[in-house]
Colleague: 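Handing you this structure, nothing more for now.
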Amino acid sequence: MSSDSVLPLPENPVIVGFGGVGVDLLATVESFPKPDTKNRTTQFKIQGGGNTGNALTCAARLGLKPRIISKVANDPQGRALMEELEAEGVDTSSFVVSKEGTTPFSYIIIDNHTKTRTCIFTEGYPPLVPKDLSRTKLLSALNGARVAYFDARMPATTLVIAQEAFRQNISILVDAERPREGLNDLLNLADYVVCSEKFPQAWTEASSIPRALVSIILRLPRLKFVIATLGKDGCIMLEKCADEDSHLEEADVDNSMKSLTMRKDDSIVMPTCFASNVTKFRAEGIGSVCGRLYFGTSEKIPPSELIDTTGAGDAFVGAVLYAICANFSPEKMLPFASYVAAIKCRALGARSGLPYRTDPYLASFIN
């Protein structure tokens, strides 16, 4: 691999995202504060944040051309936030800027000892409602987009945008962090779902994540795949396949997942992916689905290099957006997304460590 190898630009790199943006005030401390004590920071940074802002910044650095729909106030924080996104190559022309009010912000405390982060979020005001977004601005944002991304906030406006994206045959990816108001209507339009570790069982009440993924695929017939991220434990993906072979092997999904995880080699540091054959996966009491099951490992980050996990999930999603546009196979997509998320964790904040497409290590995923 030559040192000037870079990720290729997909044929259509245009994506659009709608959801949360904000300002992150990040403070690192030696250990998480006890009540009624005074503590000193070891490092402090102010940076743009929010699931959508982070994911689309990641996608822009990887070579996509993101457009973002969101709302900020005309205050110093809102202006700085938009300038930061524009400097990263994110199109903010579809933003709604309120003359008054406040831009969303979060206090984020990073514990140096446990490597955990605690977020305290303050919503912006006034919120974005459907009447804030003109049809002209909406159609302009969606024009020619390959994928539309939603973090499931601001449900009424989300549904208006998602329904228009659906009408225009734009693929829809939903980032499901937790059950929210209006999420079910959004999920019914989704082609892809990336969710947190806790979401699948919380949404389906299934007894395990693999069983929950079967339930999600059965409940959402439009879905092509669903991914559950597991932090340092990697990720699980269930891809739906056409059920054309009546002689397909049938297997319990929990046992199949266990078999995949047993193939993990703990001596391998970099992310890898293990895939099943096309199988009819059975979840007792739920049903069965024809598909492929994948187990993706995460990179083993040396403790001395692990700085901050803030926004790691957003980085993963940003990489998945690139992978969809670049037509990556799941076996290539999952290690790629895990690697991008791991790079992010080596710097303070959700965006500082995000890699650029010129990173020669990223190019190794296309070879």
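Residue indices begin at 1 and follow the sequence shown. All figures in this text were calculated on a predicted structure; none of them were measured in a lab.
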Colleague: Please name all residues satisfying side chain to side chain donor-acceptor pair (under 3.5 Å) with Gln168, sequence neighbours left out, ordered by chain then number.
Modeller: Glu164
Colleague: Kindly state each residue pair satisfying side-chain hydrogen bond (donor to acceptor under 3.5 Å, both in side chains) with at least one member in residues 227-237, sequence neighbours excluded.
Modeller: none
Colleague: Only counting residues at least two apart or in another chain, list the ones meeting side-chain contact (heavy atoms from CB on, under 4.5 Å) with Thr37.
Modeller: Pro33, Lys34, Asn39
Colleague: State which residues pass side chain to side chain donor-acceptor pair (under 3.5 Å) with Ser338; sequence neighbours excluded, sorted by chain then number.
Modeller: none
Colleague: Does Glu88 pair with Arg61 as a salt bridge, N-O distance under 4.0 Å?
Modeller: yes
Colleague: Taking all heavy atoms of Val174 and all of Ala190, pick out the closest pair and write down the distance.
Modeller: CG2-CB, 3.8 Å
Colleague: Please set out all donor-acceptor pairs under 3.5 angstrom arising from side-chain atoms of residues 78-87, sequence neighbours excluded.
Modeller:
unit_1	atom_1	unit_2	atom_2	d
Arg79	NH1	Asn74	O	3.2
Arg79	NH1	Asn74	OD1	2.9
Glu84	OE1	Gly48	N	3.0
Glu84	OE2	Gly48	N	3.4
Glu84	OE2	Arg351	NH1	3.3
Glu86	OE2	Thr92	OG1	2.5

Colleague: Is there a side-chain contact between Ile120 and Ser106, using heavy atoms and a 4.5 Å cut-off?
Modeller: no
Colleague: Would you say that Glu299 contacts Pro271 through its side chain, given a criterion of any heavy-atom pair below 4.5 Å between the two side chains?
Modeller: yes
Colleague: So among Val129, Leu128, Thr157, Val21, which one has a side-chain contact (heavy atoms from CB on, under 4.5 Å) with Lys71?
Modeller: Leu128
Colleague: Counting only heavy atoms not in Lys300, do more than 12 fall under 6.0 Å of its NZ?
Modeller: yes
Colleague: Tabulate below the donor-acceptor pairs under 3.5 Å that side-chain atoms of residues 93-101 make, not counting sequence neighbours, or state none.
Modeller:
unit_1	atom_1	unit_2	atom_2	d
Ser93	OG	Asp91	OD1	2.7
Ser98	OG	Glu100	N	3.4
Ser98	OG	Glu100	O	2.4

Colleague: Enumerate the residue pairs fulfilling side-chain hydrogen bond (donor to acceptor under 3.5 Å, both in side chains) with a member in residues 213-226, sequence neighbours excluded, ordered by first and then second residue.
Modeller: Asp191-Arg222, Asp191-Lys224
Colleague: Hey, what else clusters with Ile109 if you join Ile, Leu, Val, Met, Phe, Trp, Tyr whenever side-chain heavy atoms sit under 4.5 Å?
Modeller: Val29, Phe32
Colleague: Could you work out the complete set of other residues in the hydrophobic cluster of Ile301, with links drawn between I, L, V, M, F, W and Y side chains under 4.5 Å apart?
Modeller: Leu306
Colleague: Given Asp314, which partner from the list Thr52, Asn54, Thr57 fulfils the side chain to side chain donor-acceptor pair (under 3.5 Å) test?
Modeller: Asn54
Colleague: Can you list the residues that meet the side-chain contact (heavy atoms from CB on, under 4.5 Å) rule with Ala152, with sequence neighbours excluded?
Modeller: Arg180, Leu183, Leu186
Colleague: Share the residues that join Val14 in a hydrophobic cluster, the rule being Ile, Leu, Val, Met, Phe, Trp or Tyr side chains under 4.5 Å apart at the heavy-atom level.
Modeller: none
Colleague: Which donor-acceptor pairs under 3.5 Å do side chains of residues 283-292 form with protein atoms, sequence neighbours excluded?
Modeller:
unit_1	atom_1	unit_2	atom_2	d
Glu284	OE2	Arg282	NE	3.0
Arg292	NE	Ser276	O	2.9
Arg292	NH1	Tyr294	OH	3.2
Arg292	NH1	Glu331	OE2	3.1
Arg292	NH2	Ser276	O	3.2
Arg292	NH2	Glu331	OE2	3.3

